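Worksheet: one structure, shown below.
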Amino acid sequence: MEILPSTEKGYLPYFLLYQATAAFIHAIVCYLSPPAVSTVQFRGSGAPPPTTLLAHVYGVKNFYTVLIRLYAAYHIGNREVYTLAMLTFVGVLWLYVTELAVWKTVTLRDAAVPYVTAGLGLIWMVRERGWYTG
């Protein structure tokens with residue numbers, strides 16, 4: 001297996017690898033840092049107090065995201081894995097939209113980066129699905 005995914009069909013695998021790396025780093029932070037550090041994005045008016053349990057649950061969510069996106073980066077032509085990777089971006093958008101609009105646990109400023117990265121990832125994957133999974 002190559003160290004980096006193939007770019008034979010395009011650069012989406014690199015984007016997935018980057019996103020998996022970022023999620024992996026955050027998953028580690030969720031386990032090794034104090035909860036106030038690892039859950040800093042949850043500081044809206046309705047945010048619960050940061051706890052170790054909350055940080056660990058968020059870390060586990062990130063770790064599953066890492067596994068799916070990493071596998072998809074190296075198996076971009078697999079339709080089922082591609083769909084799962086696409087759904088990880090839907091999940092991030094769902095999390096931050098509901099946390100901002102419904103639960104008020106995040107601020108727009110804290111949700112901006114997840115909105116942009118998950119939104120771009122989802123749009124890219126929807127538009128190129130046929131190209132990569134042929």
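Nothing here was measured: the structure is a model prediction, and the numbers come from that model.
The shortest side-chain heavy-atom distance between M125 and L16 falls under the 4.5 Å cut-off. For the pair Y82/N78, no side-chain contact is recorded, criterion being any heavy-atom separation below 4.5 Å from C-beta on. For the pair R79/R129, a side-chain contact is recorded, criterion being any heavy-atom separation below 4.5 Å from C-beta on. P48 is listed as a side-chain neighbour of T105, based on a closest heavy-atom distance under 4.5 Å. Counting heavy atoms from C-beta on, the side chains of Y64 and T88 never come closer than 4.5 Å.
Checked against salt bridge (charged side-chain N to carboxylate O under 4.0 Å, His left out), R43 has the following partners two or more places apart in sequence or in another chain: D110.
Here the OG1 atom belonging to T133 is positioned 9.5 Å from the CD atom belonging to E80, to the nearest 0.5 angstrom. Here the CE atom belonging to M86 is positioned 12.5 Å from the CD1 atom belonging to I68, to the nearest 0.5 angstrom. Taken from CG in L53 to OG1 in T39, the straight-line distance is 11.0 Å, to the nearest 0.5 Å. With rounding to the nearest 0.5 angstrom, the CG atom of L54 is 10.0 Å from the NE2 atom of H56. The distance from atom NZ of K104 to atom OG1 of T98, rounded to the nearest 0.5 Å, is 11.0 Å.
Across C30 and G59, no two heavy atoms sit closer than the pair CB-CA, 3.6 Å. Listed here is the closest heavy atom pair of Y14 and T7: CE1-CG2, 3.5 Å. When all heavy atoms are compared, the tightest approach of Y132 to Y11 is OH-N, 3.4 Å. Taking every heavy atom of both residues into account, A72 and V81 meet most closely at CA-CG1, 3.4 Å. The two residues L100 and T107 make their nearest non-hydrogen contact at CD1-C, 3.7 Å. Here the shortest heavy-atom pairing between A27 and N62 reads CB-CB, 3.9 Å.
The aromatic rings of F42 and Y96 sit parallel, their planes meeting at an angle under 30°, below the 60° perpendicular limit.
Not one N or O on the side chain of W103 forms a donor-acceptor pair closer than 3.5 Å with the backbone of A47.
In this structure, V92 is not a member of the same hydrophobic cluster as V113, with clusters built from ILVMFWY side-chain heavy atoms closer than 4.5 Å. Note on Y74: it does not cluster hydrophobically with Y18, by side-chain heavy-atom contacts below 4.5 Å among ILVMFWY residues. F15 and V90 fall within the same hydrophobic cluster, defined by Ile, Leu, Val, Met, Phe, Trp and Tyr side-chain heavy atoms under 4.5 Å apart, directly or through other members. Using a 4.5 Å cut-off between side-chain heavy atoms of Ile, Leu, Val, Met, Phe, Trp and Tyr, with links allowed through other members, L108 and L95 fall into the same hydrophobic cluster. There is no path of hydrophobic side-chain contacts, each under 4.5 Å, that joins Y71 to L17.
In this structure, Y58 has its ring center under 6.0 Å from that of H26.
With F89 as the aromatic partner, R69 meets the cation-pi criteria of under 6.0 angstrom to the ring centre and within 45 degrees of the ring axis.
Surrounding OH of Y115 are more than 12 heavy atoms belonging to other residues, nucleotides or ligands, all under 6.0 Å away.
L67 shares a hydrophobic cluster with F24, I28, L32, F63, V66; the chain of contacts runs through ILVMFWY side chains whose heavy atoms sit under 4.5 Å apart.
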